[in-house]
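Just so it is clear, the structure is predicted and the values come from calculations on it, not from any experiment. Reminder, nothing fancy here: chain letters follow the sequence lines and each chain counts from 1.
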There are 2 protein chains.
Amino acid sequence: MTVSLQDIALRAGVSTKTVSGALHGGSARMAVETRERIQKLADDMGYVTNLAARGTRQGWIPLVAIVADELITTPFATEILRGLDNAMQGKDMAVIATNLSAGRSIEQVHAEVRRFRPRAMAYAAMYHKVVALPPGLADGFAVMINCRDADGRVPSLVPDDEGAAYDITRHLIARGRRRIAFINLPGLLAGELREAGFRRALREAGLDDAGARVLPAVARKTYSDRAHSLVADHVPMLLDGPDSPEAILAGNDRVAMEIYAALRRAGRDIPGDVAVASFDNQVDLATRLDPPLTTMALPHREMGRLAAERLLSDELNPPAVQKLAFRLVERQSV
Amino acid sequence: MTVSLQDIALRAGVSTKTVSGALHGGSARMAVETRERIQKLADDMGYVTNLAARGTRQGWIPLVAIVADELITTPFATEILRGLDNAMQGKDMAVIATNLSAGRSIEQVHAEVRRFRPRAMAYAAMYHKVVALPPGLADGFAVMINCRDADGRVPSLVPDDEGAAYDITRHLIARGRRRIAFINLPGLLAGELREAGFRRALREAGLDDAGARVLPAVARKTYSDRAHSLVADHVPMLLDGPDSPEAILAGNDRVAMEIYAALRRAGRDIPGDVAVASFDNQVDLATRLDPPLTTMALPHREMGRLAAERLLSDELNPPAVQKLAFRLVERQSV
DNA sequence: TTAAGTTGGGTAAACGTTAACTCAACATCA
DNA sequence: TGATGTTGAGTTAACGTTTACCCAACTTAA
C-alpha cells in the first residue's frame, strides 16, 4: 500500500541505502543526477517518510511531548502552546500534548507518553509552583515550564513574580501613590514572591510605614473559584482605616474586578481616588472593565518559545532556573 | 540505556515472543505464573513499550492527528480538542495537533503529519465550510469536523445551522414576537443555512410577510474583525421603518453586542421593546452583556467527542454527513 | 608508472516489536 | 494403545529505516 524506500530502490535499480541517502542524507557524497533521479521517482510514487521506522533506529521520534498539570485547553496553556508551536515552525517537530487529569499521576502520564519515544519532554504547570518530578524525566531533553523541579535537576522557565510585583509597585509609586495596599492570593508560590517584590519596592522608596498592607483575597489557603472572597470586606475596611490607600494592587484580574465593584459601592473614583493594578492580563476581563485595567502580563508565550529553543538546541542545558519578566500593560486604572 | 523486550527475555530465560505476549498479548494462552513473573520483571527493570517499534510492524502508531485550518488555539478549536480528548481517555491514543498556518497547504501539512503514521486523521475547520481534501486523506480512518468534503468521500460532523436558526426563530415566535429581523453574516455557509432555517420557521408560522428581513452585518463578503460593520446603520433603519421589529436575530454574539449598543442609543429596552438572540455562546461576552444574551451554542465539544468515537470505532464508517444540533442557552435577552 | 586518495555506491546488520509457523509435552478419548 | 487435541513456548522472518563497513573505478600526485 504505502511505498517504502525499497520500492523506490527496486524501481531505480539502486540499493535502499542510496535512496535513503538521496532523500534524507543531507550532504552525503553522491552523484547529483542519481539524487535527482531518485527524488523525482519518490515524488512520483508518492513516497512518505516513515518516522516510526526511523525512530526505531534513532531511538526517538521528532516529537515534543508536553505534559500539563491541568486542562491543556485553558487560556494560559494555550499561550504556552502557541509559543512552543511558533518556535517549532520549520523545525520538523510535532507537539503532542497530554493532560494530568482524572487522577493520573505524573509518573503514569510520563510513562504513557514516553512510549512514543519523544525527542524531548516538557512539563508545564498552570500556576507557578515547585513539583516533584519522576526520575526518568531528567534523562534526555527536558524542560519545565512555569514550575521548578524540587531537586533542580531539570532546566526551568518560570515567571519572575518577585520582579513583576517590584516593577508594578514602582510604577504606582512613580505615579505619585504612596499608601498602597496589596490584596494578594494566599497559599500560592506566586503570591509569596509577589509580596516580597512589593515590600522591596516600598522599602527602597522609604515607604515601609506609609500604610502598606498585604491582605489575602480569599478565606482559604488555596485559591480557587469557589473560595469565599474577602475583597468585599477588606476594601471598605481599608478605605475607612487611618491610612486609606491611594492604590490597591490586586492578586489577579478577577480580584481587581471585585475591587472595582467594592470601590464603586464606596463611591470612590478609579483612578482619581484609588488606582488599581493587577496581574494576569486576562484581556477579555481587563479591557472590558471601566476604566480598563492596568495589569502585568505573564510571560506565557515567552516561556513556550524559550522552551522550544532549549529543547531544540541539541545540547543538554545546565539545569538552571531562568526567570522571565512580566510585561506591563498600561491601561487607564492607574 | 532503555530496556527492551530482549533484555527482559534474557533475564527471564524466555524468548522475546513470550515477553511480548506476557506484556501486551491480551488473552493469548500462556501460563499464569510465567506471565506474572515477566510482568514483575518488566516493572522492576523499568520497561517502557516502544510504540515506534511496534508501529513499524503494525503500520501505524496510536496517534490521532488533527489538522486545523486556523490557529489550533482559538476557543472553538479548544472546545473541539476538549471533546476529542475526553473521548480518548483510556483509549490509549494520543492526539497530535497541527495548524494550517503560514502559507502551508493542506497537502503539505497532510504529508508532514502522515510521516508519523497516525492511526487516524481529523480535519477541523474554524468555520462551517466545504473544503477540497487531498486524495490520501480518504484512505484509512478519517473524519472531518465542522466541515464537509466537496466530494463526500470522508465522514463529516457539522453543526446543524439550518435547524439552529429554525429553532431559535421558533423560540422567538413562541415568546410572542412576530416581526423578526435577522442581521446575518454574509458570505458564509453558516449564514446561508441559517437564513434558510429562519425563513422556514417564519413560513411555517405564517409570518412570511410580517416584516421579516435579512440584512448583512458587514459590508464585505467575508466576515472578519476588520470588515466595516453595518449594524449601527441597519438597526435605526429597522426601528424607524414601517414594521419595526419585535426581535432581532444576530449572526453571532459580537453582532449582538453591536445591536445592544444601537438599541440603547435608540432608547429601546431589551427585551421589553426588542428581543435579541444570537449564535455562538461566547460565554465571556454573552454573560457580561446587560441583559445577558440568549444565544445558540455551537456543538463543538460534541463534534470532538463524536469524532473520537468514530475514529476509534475500528470500522470504516460510511462517509455520511452528520448534523449536530445547537444548544439553546436561555438568558434574559428574549 | 605507481601509490594514495576520492567518489559513488553496495552489503549486511541493527533498531524493538509482532506474527506466522513449528514443536514438544501432556491430556483426553475411543 | 494410538489418534487427536490442547497448552505453552521457541524460531524465524518480517516492518522500514539508518549506519558501519567495504569495494571498485577513477583521479591525482610524486
Participant: Roughly, in whole Å, what's the span from CG in B:Leu10 to C1' in D:dA9?
Facilitator: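 The answer, rounded to whole Å, is 16 Å.
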
Participant: Can you find a side chain N or O atom of A:Thr56 that sits less than 4.0 Å from OP1 or OP2 on C:dC15?
Facilitator: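 No, because none of the side-chain N or O atoms of A:Thr56 sits under 4.0 Å from OP1 or OP2 of C:dC15.
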
Participant: Within this structure, what is the CZ-to-P distance between A:Phe116 and C:dG16, rounded to whole angstrom?
Facilitator: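 Rounded to the whole Å, the gap is 18 Å.
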
Participant: Could you state the CD1-C1' distance from A:Ile8 to D:dG16, rounded to the nearest angstrom?
Facilitator: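 Roughly 11 Å, once rounded to whole Å.
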
Participant: Does D:dT18 have its OP1 or OP2 closer than 4.0 Å to a side-chain nitrogen or oxygen of A:Arg54?
Facilitator: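 So the side chain of A:Arg54 is within the cut-off, an N or O lying under 4.0 Å from OP1 or OP2 of D:dT18.
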
Participant: Below 3.5 Å, does any donor atom in the side chain of B:Arg57 face an acceptor in the base of C:dA19, or the other way round?
Facilitator: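 Such a pair does not exist between side chain and base.
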
Participant: At 4.0 Å (heavy atoms only), tell me whether B:Ser15 reaches a base, stays on the sugar-phosphate, or touches nothing.
Facilitator: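 Base contact - B:Ser15 has a heavy atom under 4.0 Å of at least one base atom.
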
Participant: When you check the gap from the basic side-chain N to the acidic O, do A:Arg305 and A:Glu309 get nearer than 4.0 Å?
Facilitator: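 A salt bridge is present here (some side-chain N lies under 4.0 Å from a carboxylate O).
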
Participant: Check this for me: does any side-chain nitrogen of one of A:Asp44 and A:Lys40 sit under 4.0 Å from a carboxylate oxygen of the other?
Facilitator: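 A salt bridge is present here (some side-chain N lies under 4.0 Å from a carboxylate O).
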
Participant: Find the distance B:Asn50:CG to C:dA14:C1' and express it as a whole number of Å.
Facilitator: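 The answer, rounded to whole Å, is 14 Å.
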
Participant: Dump every N/O contact between nucleotides 21-26 of chain D and the protein below 3.5 Å, one line per pair.
Facilitator:
none

Participant: What's the separation between atom OG1 in A:Thr56 and atom CG in A:Leu51, rounded to the nearest 0.5 Å?
Facilitator: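 Result: 11.0 Å between the selected atoms.
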
Participant: From OH of A:Tyr47 over to P of D:dG16, roughly how many Å is that when rounded to an integer?
Facilitator: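 That distance rounds to 10 Å.
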
Participant: Would you indicate, yes or no, if D:dT17 has its OP1 or OP2 atom less than 4.0 angstrom from a side-chain nitrogen or oxygen of A:Thr16?
Facilitator: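 It does not, given that no N or O in the side chain of A:Thr16 lies less than 4.0 Å from OP1 or OP2 of D:dT17.
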
Participant: B:Met45 has an atom CE; how far is it from atom P of C:dG16, in whole Å?
Facilitator: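 Between P of C:dG16 and CE of B:Met45: 12 Å.
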
Participant: Between B:Arg117 (CZ) and D:dT17 (C1'), how many Å, whole number?
Facilitator: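 Going from CZ in B:Arg117 over to C1' in D:dT17 covers 11 Å.
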
Participant: Using whole Å, what does the distance between atom P of nucleotide C:dT17 and atom CD of B:Gln6 come to?
Facilitator: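 Whole-Å distance recorded here is 8 Å.
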
Participant: Between B:Arg310 and B:Gln322, is the side chain to side chain donor-acceptor pair (under 3.5 Å) condition met? List the steps.
Facilitator: CA-CA 11 Å; B:Arg310 284 211 174 189; B:Gln322 188 173 351; 3.0 Å; yes

Participant: Could you check whether any side-chain heavy atom of B:Val158 comes within less than 4.5 Å of a side-chain heavy atom of B:Met303, counting everything from C-beta outward?
Facilitator: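 Of all side-chain heavy-atom pairs linking B:Met303 with B:Val158, none is under 4.5 Å.
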
Participant: Tell me which of B:Val14 and A:Ala53 sits closer to the 5' end of DNA chain D, going by the nucleotide each one is nearest to.
Facilitator: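 Looking at the nearest nucleotide for each, B:Val14 comes out on the 5' side.
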
Participant: Among A:Asp161, A:Asp69, A:Asp149, find the one that has a salt bridge (charged side-chain N to carboxylate O under 4.0 Å, His left out) with A:Lys129.
Facilitator: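 Among A:Asp161, A:Asp69, A:Asp149, the one that satisfies the salt bridge (charged side-chain N to carboxylate O under 4.0 Å, His left out) with A:Lys129 is A:Asp69.
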
Participant: Is there a side-chain contact between A:His300 and A:Arg82, using heavy atoms and a 4.5 Å cut-off?
Facilitator: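 A:His300 does not reach A:Arg82 side chain to side chain.
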
Participant: Tell me whether the OP1 or OP2 atom of C:dA19 has a side-chain N or O from B:Gln58 closer than 4.0 Å.
Facilitator: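 Yes, B:Gln58 has a side-chain N/O under 4.0 Å of OP1/OP2 on C:dA19.
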
Participant: Do any side-chain nitrogens or oxygens of A:Ser20 fall under 4.0 Å of OP1 or OP2 in D:dT18?
Facilitator: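 Checking A:Ser20 against D:dT18: at least one side-chain N or O falls below 4.0 Å of OP1 or OP2.
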
Participant: From D:dG10, D:dT18, C:dG16, pick the nucleotide closest to the side chain of B:Thr18?
Facilitator: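 Ranking D:dG10, D:dT18, C:dG16 by closest atom to the B:Thr18 side chain puts D:dG10 first.
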
